[in-house]
Amino acid sequence: MTANAVGFALLILGLALLIGKIIRVKVGIVQSLFLPSSIVAGALLLLLGPEVLGRFGGPWGENGLFTEPMVEVWSSLPGLLISVIFATMFLGQQLPTAKRAVKLVGPQLSLGVSLASGQYVVGLLLAALILVPTLAAAPMTGALIEIGFEGGHGTAAGMRPVFDELGFGEGADLAVGLATVGIVGGIVIGIAMINWAVRTGKTEIITGSAKMSIEEQKGLFSKDEYYSAGKMTSRPSSVEPLSLHIAIVTVAILVGLAILEGLRWIEQATYASVMLDENTPLEIFAYVPLFPIALLGGVIVQYVATKAGFAHVIDAQIMLRIQGWALDFLIVAAIATLSLQAIGENIGVFAILAVAGIIFNVALFLLLAPRIIGRYWFERGIGDFGQSMGVTATGLILMRVVDPQAESPAFEAFGYKQLVFEPFFGGGLITAMAVPIIFLTGVWPLFFVMLVVFLVAVLSGLFYFRPREMRDRAEWEKEKGSSGAEQPARE
């Protein structure tokens with residue numbers, strides 16, 4: 001494969017992303033579903049590629065309108081770009097102490113961990129009782145709800161090398177398919193729940209109906225809106241600020257790679273000689289991908305920068321732009337190379353996991369959030385629901401709809417929760433290690449561990465955080481009743 005082939009494949013991804021954006025601006029149903037342009041672009045390439053057009057005879061050949069090297073480049077990109085996404089998560093962010101983070105977002109963290117660990121409980125239970133014995137599915141299918149829903153397209157595609165190495169290649173395709181179902185379902189169901197909550201008085205900020213402007217539906221800013229994409233933290237005469245930030249990201253990834261290789265070396269020098277059977281050594285880090293450790297590398301780089309006094313050089317907004325670029329290209333490439341055949345051959349497993357995941361997420365949100373979060377329970381909880389269905393951006397979109405001016409503490413609490421939550425779930429260490437653990441030990445050990453985590457998260461919310469939160473809600477309701485004042489309405 002030549003450098004020109006790689007470059008041309010990237011150019012086609014960029015062109016597809018632009019076409020996806022034009023479709024988002026022009027097509028009403030795409031706007032109403034709030035579909036990201038990357039998903040539209042990926043679906044377009046999927047239709048024109050080997051999985052759809054290539055299956056019909058014609059002058060285009062078995063790869064559709066594309067060449068085999070282009071498809072190979074797209075297949076490799078997600079595994080590379082996911083490390084960029086995770087490395088940038090904490091770069092430029094203020095790192096609070098664990099005590100302060102828990103104090104700020106205790107109920108939020110309880111809800112988020114309940115959703116994530118519960119997805120493992122549901123998935124693993126389905127795998128043990130239904131999917132493996134009746135549909136001959138691999139035990140590792142039990143981890144797919146959390147990988148696809150909580151992790152999203154990035155995690156699902158980034159886990160492909162692990163799935164391939166463990167002989168479960170179709171797992172990545174199922175996970176990417178679930179991620180697509182999750183992000184679309186998260187928006188559609190989330191908007192429906194917001195309108196229900198507004199009509200029934202569950203929300204404190206808006207009344208009437210949840211609406212967004214035409215510009216917001218199109219994903220554009222109006223002409224009088226101006227937002228900075230980032231801050232110049234170095235003089236271009238010495239180094240371009242974007243180049244500097246990309247260099248910092250590479251350092252974070254290299255730190256993560258060094259940590260991972262060190263863990264693998266320790267593993268090989270100690271317990272890897274233990275054989276689970278005649279063909280399977282006891283290895284875990286050998287199957288752990290780089291991206292969750294790259295997140296740790298980013299935390300280390302940010303910590304060092306803070307202690308050394310040059311944290312101001314790392315701008316969070318520029319890091320978000322780098323992360324956003326990587327995520328957009330990753331989603332386009334992942335969907336473009338999705339194996340529809342693999343999903344079709346496992347349609348029963350796919351449908352059961354998708355339906356079970358959606359039902360669990362909706363039920364837990366509606367049952368748990370109002371019982372452990374005091375004021376603004378819907379505004380704060382809807383973000384965690386959106387994240388549990390798709391990606392962080394889905395949660396932010398739903399919070400933006402229900403709290404357009406950020407009047408509630410939802411965004412602040414959600415942001416701090418991410419600092420504690422992301423290193424473990426939704427693509428963190430637990431997500432990365434779950435599949436190898438299931439491969440080595442089967443379904444039940446991880447099931448019982450996740451069941452304990454789920455129960456601890458739920459019970460801590462109900463018995464530790466609930467009393468304080470309910471006191472805050474009762475005091476507010478008392479003040480509201482005595483003054484006769486209503487919350488400001490916004491449509």
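Looking at F360 and I145, their side chains never come closer than 4.5 Å, going by heavy atoms from C-beta outward. Two residues are said to be in side-chain contact when any heavy atoms from C-beta on lie closer than 4.5 Å; E204 and R375 meet this criterion.
Atoms CE and CZ, on M319 and F90 in that order, are 13.5 Å from each other to the nearest 0.5 Å. Note: F465 CZ to L111 CG = 12.0 Å, rounded to the nearest 0.5 Å. One finds the OG1 atom of T203 at 11.0 Å from the OH atom of Y376 (value rounded to the nearest 0.5 Å). Distance CG/L364 to CD1/I359: 13.5 Å, rounded to 0.5 Å. Going from atom CD1 of I189 over to atom CD1 of I191 covers 11.5 Å, rounded to the nearest 0.5 Å. Of the inter-residue distances, the one linking L15 atom CG with L10 atom CG reads 12.5 Å to the nearest 0.5 angstrom.
Considering all non-hydrogen atoms of both residues, I85 and L330 come closest at CD1-CD1, 3.8 Å. Residues E150 and L115 share a closest heavy-atom pair of OE1-C, 4.3 Å. Considering all non-hydrogen atoms of both residues, F425 and M450 come closest at CE2-SD, 4.2 Å. Of all heavy-atom pairs between F421 and G112, the closest is CE1-O, 3.4 Å. Between V181 and A354, the closest heavy-atom pair is CG1-CB, 4.3 Å. In plain terms, the two heavy atoms of G186 and L398 that are nearest each other are O-CD1, 3.8 Å.
For Q31 (side chain) and R24 (main-chain N/O), a donor-acceptor pair under 3.5 Å exists by modelled atom type. With hydrogens and angles ignored, the 3.5 Å screen pairs a side-chain donor or acceptor of S234 with a backbone N or O of V239. Remark: the backbone N or O of A9 is paired with a side-chain donor or acceptor of W74 at under 3.5 angstrom. A distance-only check finds no donor-acceptor pair linking the side chain of S110 to the backbone of G106 [under 3.5 Å]. With Q108 contributing its side chain and R380 its backbone, the two residues share a donor-acceptor pair below 3.5 Å. The backbone N or O of S339 lies less than 3.5 Å from a partner atom in the side chain of D173, making a donor-acceptor pair. With hydrogens and angles ignored, the 3.5 Å screen pairs no side-chain donor or acceptor of D315 with any backbone N or O of G230. A donor-acceptor contact shorter than 3.5 Å is absent between the side chain of S38 and the backbone of D328. For the pair N361 (side chain) and G357 (backbone), a donor-acceptor distance under 3.5 Å is present.
Using a 3.5 Å distance cut-off with no hydrogens or angles, the side chains of E146 and T431 do pair a donor with an acceptor.
The aromatic rings of F291 and F86 sit tilted relative to each other, their planes meeting at an angle between 30° and 60°.
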